[in-house]
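Accompanying notes for the structure given below.
Below, all heavy atoms of this structure are taken into account, side chains as well, without hydrogens, waters or symmetry copies.
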Amino acid sequence: MSVNVNLKQEEAQTIGGELPKTRLQGSDVFIQSLQNEGVEMIFGYPGGAVLPIYDALYKNPIPHILARHEQGAIHAAEGYSRVSGKTGVVIATSGPGATNLVTGIADAMMDSLPLVVFTGQVASAVIGTDAFQEADIVGITQPITKHNYQVKRVEDLPRIIHEAFHIASTGRPGPVLVDIPKDISNAVFTSAEIKATELNLPGYQPTTSPNFLQIQKVAQALQKAQKPLILAGAGVLHGKASEEFVKFVEKTGVPVTNTLLGLGCIPGDHPQFLGMAGMHGTFTANMAICEADLLINIGARFDDRLTGNLEHFAPNAQVVHIDIDPAEIGKNVETDIPIVADAKEALNSLLKLEINKLSIEPWMTGLMKSKAEYPLVYSNDSKKMLPQEVIELVHKHTKGDAIVTTDVGQHQMWAAQFYRFNHPDHWVTSGGLGTMGFGFPAAIGAQIAKPHETVVSFTGDGGFQMTLQELSLLQESQLPVKVIILNNQCLGMVRQWQETFYDKRYSESLMPSQPDFVKLAEAYNIEGFKVDNYHDADELFKKVFSSNKPALIDCRVEQMENVYPMVAPGKGLHEMIGVKG
């Protein structure tokens with residue numbers, strides 16, 4: 001698979017580091033600065049305030065994906081970043097173009113995804129006059145960006161862009177916004193050369209190396225523990241530390257649970273893996289947190305969907321928290337051994353210590369017994385296909401090797417529960433913000449990042465309709481994404497909460513009127529299929545996953561199926577409902 005952007009890679013290298021004889025505009029400097037940062041792909045949507053930039057892009061091209069909506073562009077950039085480990089780049093025009101990016105910016109901030117977002121702005125002289133398509137995007141995004149800039153002088157462009165990429169990708173990753181007034185893009189660049197200056201950011205010096213004394217305390221705590229547990233979050237994945245993590249787990253023999261965003265940092269079939277923890281986690285993982293006498297958190301932020309009622313979270317445990325963001329340590333859960341560090345560096349430091357495999361056989365025996373007695377199970381008393389069956393069939397036909405993206409809701413939780421990942425960086429989902437419409441464009445970005453991998457987008461019938469216009473990109477850019485709609489003709493998680501907590505008052509959560517998704521796919525020149533039973537789905541998936549073409553599969557599943565186990569709001573992890581043994 002190759003992205004059809006109609007240009008050769010070498011064509012992107014046409015502006016040198018020094019000024020040519022002709023004078024350059026700010027827009028030319030912008031393109032050169034992106035090339036200097038090694039940008040390989042841009043996701044964007046043009047408009048008036050960024051026309052100078054797009055004109056420069058035409059003359060000195062970098063591969064670009066023209067999304068069909070700015071929200072699609074930024075979610076695609078998130079998927080690209082999450083899978084590739086590179087910084088995603090987004091361009092949108094001023095006013096509505098910029099504000100259409102806000103959801104994706106907030107999503108990236110919550111889930112620590114490195115993005116550099118460039119927005120056009122009205123000319124400097126009319127900023128603040130409510131000019132046509134003006135919006136104070138710097139003010140709007142200040143709470144949801146790691147940092148943001150508005151360029152005041154064209155000479156500052158190389159420095160600001162270099163700083164933006166550095167800030168976005170170091171420390172705890174996150175989005176950085178650069179707002180560029182149109183007159184800056186048109187201004188003549190008079191400096192002697194176009195190159196990034198040396199970084200001078202005295203106020204931004206993230207700590208990456210752990211304090212050795214604190215690392216020693218972790219080793220001492222491990223040797224004393226009888227019921228230790230490791231909780232691994234997305235920080236392990238962002239730190240590219242999965243290999244070191246598995247070595248540490250196997251060296252110590254300590255059992256492991258993941259947050260939703262940490263899935264994949266250890267293989268799903270690893271004997272020490274207890275499953276995901278939290279609101280829809282496994283019984284064994286949640287009970288292990290409740291019973292542990294030592295909890296080592298690596299790269300997770302103790303969010304409410306993980307902890308449940310904090311009064312009952314890890315009540316018996318000495319808590320170790322390793323995180324690159326010092327603001328997260330102690331924010332929600334009192335920490336006994338805080339370590340501010342990059343996950344990879346912290347794990348390497350721990351691996352250098354002489355830590356023997358722990359003698360915790362009674363603890364492990366009890367956990368393995370619980371895991372066997374309380375697996376994730378479901379029963380099909382319906383004539384309709386169950387969503388869990390669809391997830392397991394996809395796992396069967398992809399052998400756990402696919403890159404999986406989701407929106408938010410029931411299908412997200414079922415995918416997390418029933419798709420067992422063999423590799424890190426194969427799970428792309430909206431965790432902190434919980435964004436409907438995220439999954440499908442994120443799959444597009446993931447497929448661009450990994451063109452030879454199988455990419456599956458599990459989505460609900462509700463969320464898919466929020467960004468389905470990006471179907472245009474599958475044929476246009478030759479992307480063999482498999483879109484699997486778990487279609488229960490409702491807003492599934494909303495309906496489940498209404499059933500459980502609102503006495504089955506299904507207020508505006510049922511969606512009986514829907515488009516024909518098969519015809520919709522065909523309108524975009526993509527193969528579409530509808531299936532409503534297990535046997536036909538099995539045969540269809542065999543065909544679809546052996547093809548290198550995009551496909552949309554409308555899976556008609558049981559409407560009233562719920563996600564279990566579940567920790568109700570305000571309850572502790574030990575108070576799960578829907579546990580089946």
Side-chain angles (χ1 to χ4, degrees), residues 67-83 100-108 110-111 113 234 259-261 263-264 276 278-280 305 387-388 390-391 394 402-419 421 426-447 455-471 473-474 481-497 509-511 514-515 517 520-521 552-557 559 561-563:
R68 298 312 192 252
H69 189 282
E70 291 88 355
Q71 185 175 353
I74 195 164
H75 291 329
E78 289 184 274
Y80 173 87
S81 174
R82 181 67 197 83
V83 169
N100 280 343
L101 297 174
V102 167
T103 296
I105 293 170
D107 191 270
M110 291 284 278
D111 289 350
L113 295 175
T259 65
L260 174 68
L261 291 178
L263 290 171
M276 181 178 71
M279 178 172 280
H280 293 290
R305 287 295 172 101
Q388 301 96 316
V390 176
I391 306 288
V394 173
I403 295 171
V404 173
T405 76
T406 78
D407 278 7
V408 66
Q410 286 183 314
H411 73 276
Q412 177 190 36
M413 294 298 108
W414 283 315
Q417 290 177 335
F418 290 98
Y419 196 95
F421 295 93
H426 276 50
W427 171 238
V428 184
T429 193
S430 175
L433 197 65
T435 304
M436 291 180 70
F438 169 89
F440 173 49
I444 290 171
Q447 188 75 84
V455 176
V456 179
S457 178
F458 288 116
T459 184
D461 46 295
F464 180 63
Q465 292 183 71
M466 293 189 173
T467 50
L468 60 80
Q469 71 278 349
E470 306 305 329
L471 283 169
L473 297 178
L474 297 191
V481 174
K482 318 303 182 191
V483 182
I484 300 188
I485 305 172
L486 296 177
N487 187 347
N488 53 14
Q489 295 189 294
C490 67
L491 301 175
M493 193 62 84
V494 175
R495 185 211 55 75
Q496 177 172 338
W497 279 52
S509 60
L510 305 183
M511 302 175 68
Q514 292 182 331
F517 289 113
L520 180 69
L552 182 151
I553 304 98
D554 179 6
C555 298
R556 297 302 179 105
V557 297
Q559 184 178 65
E561 184 70 6
N562 289 336
V563 182

Legend entry - Plane angle bin for Phe438 and His75 - parallel if under 30°, tilted between 30 and 60°, otherwise perpendicular: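 Perpendicular: the ring planes of His75 and Phe438 meet at over 60°.
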Heavy-atom closest pair, residues [X] and [Y]:
X: Val481; Y: Ser457; answer: CG1-CB, 4.4 Å
X: Arg495; Y: Gln410; answer: NH2-NE2, 3.9 Å
X: Asp111; Y: Gly432; answer: OD1-N, 2.8 Å
X: Val428; Y: Ala442; answer: CG1-CB, 4.1 Å
X: Val408; Y: Gly434; answer: CG1-O, 3.3 Å
X: Ala416; Y: Leu263; answer: CB-CD1, 3.7 Å

Once you round to the nearest 0.5 Å, how far does [atom1] of [X] lie from [atom2] of [Y]?
X: Met493; Y: Met436; atom1: CE; atom2: CE; answer: 11.5 Å
X: Asn488; Y: Met511; atom1: CG; atom2: CE; answer: 9.5 Å
X: Thr405; Y: Gln412; atom1: OG1; atom2: CD; answer: 10.5 Å
X: Lys482; Y: Gln447; atom1: NZ; atom2: CD; answer: 8.0 Å
X: Met413; Y: Met276; atom1: CE; atom2: CE; answer: 5.5 Å
X: Thr429; Y: Glu78; atom1: OG1; atom2: CD; answer: 11.0 Å

Legend entry - Gln559 (side chain) donor-acceptor with Cys490 (main chain) under 3.5 angstrom: no
Inset, instruction - Ignoring hydrogens and angles, tell me if any N or O in the side chain of Glu470 forms a donor-acceptor pair with the backbone of Phe440 under 3.5 Å. - result: no
Inset, instruction - Using the side chain to side chain contact (heavy atoms under 4.5 Å, CB included) rule, take Ile105 and Ile74 through it: C-alpha gap first, then chi angles, then the decisive distance, then the call. - result: CA-CA 8 Å; Ile105 293 170; Ile74 195 164; 3.6 Å; yes
Inset, instruction - Check step by step if side chain to side chain contact (heavy atoms under 4.5 Å, CB included) holds for Thr406 and Tyr419. - result: CA-CA 12 Å; Thr406 78; Tyr419 196 95; over 6 Å; no
Beyond-backbone contact of [X] with [Y], side-chain heavy atoms, under 4.5 angstrom:
X: Val394; Y: Phe418; value: no
X: Asp407; Y: Phe464; value: no
X: Leu468; Y: Val483; value: no

Inset, instruction - Answer yes or no: are there more than 12 heavy-atom neighbours, outside Arg305 itself, under 6.0 Å from its atom CZ? - result: no
Legend entry - side chain to side chain contact (heavy atoms under 4.5 Å, CB included) assessment of Asn100 paired with Gln71: CA-CA 6 Å; Asn100 280 343; Gln71 185 175 353; 5.5 Å; no
Legend entry - Pairing residues for Trp414 by the ring pair (Phe, Tyr, Trp, His ring centres under 6.0 Å) criterion, not counting sequence neighbours: none
Inset, instruction - Kindly determine whether Leu520 and Leu471 satisfy side chain to side chain contact (heavy atoms under 4.5 Å, CB included), including the steps that lead there. - result: CA-CA 9 Å; Leu520 180 69; Leu471 283 169; 4.3 Å; yes
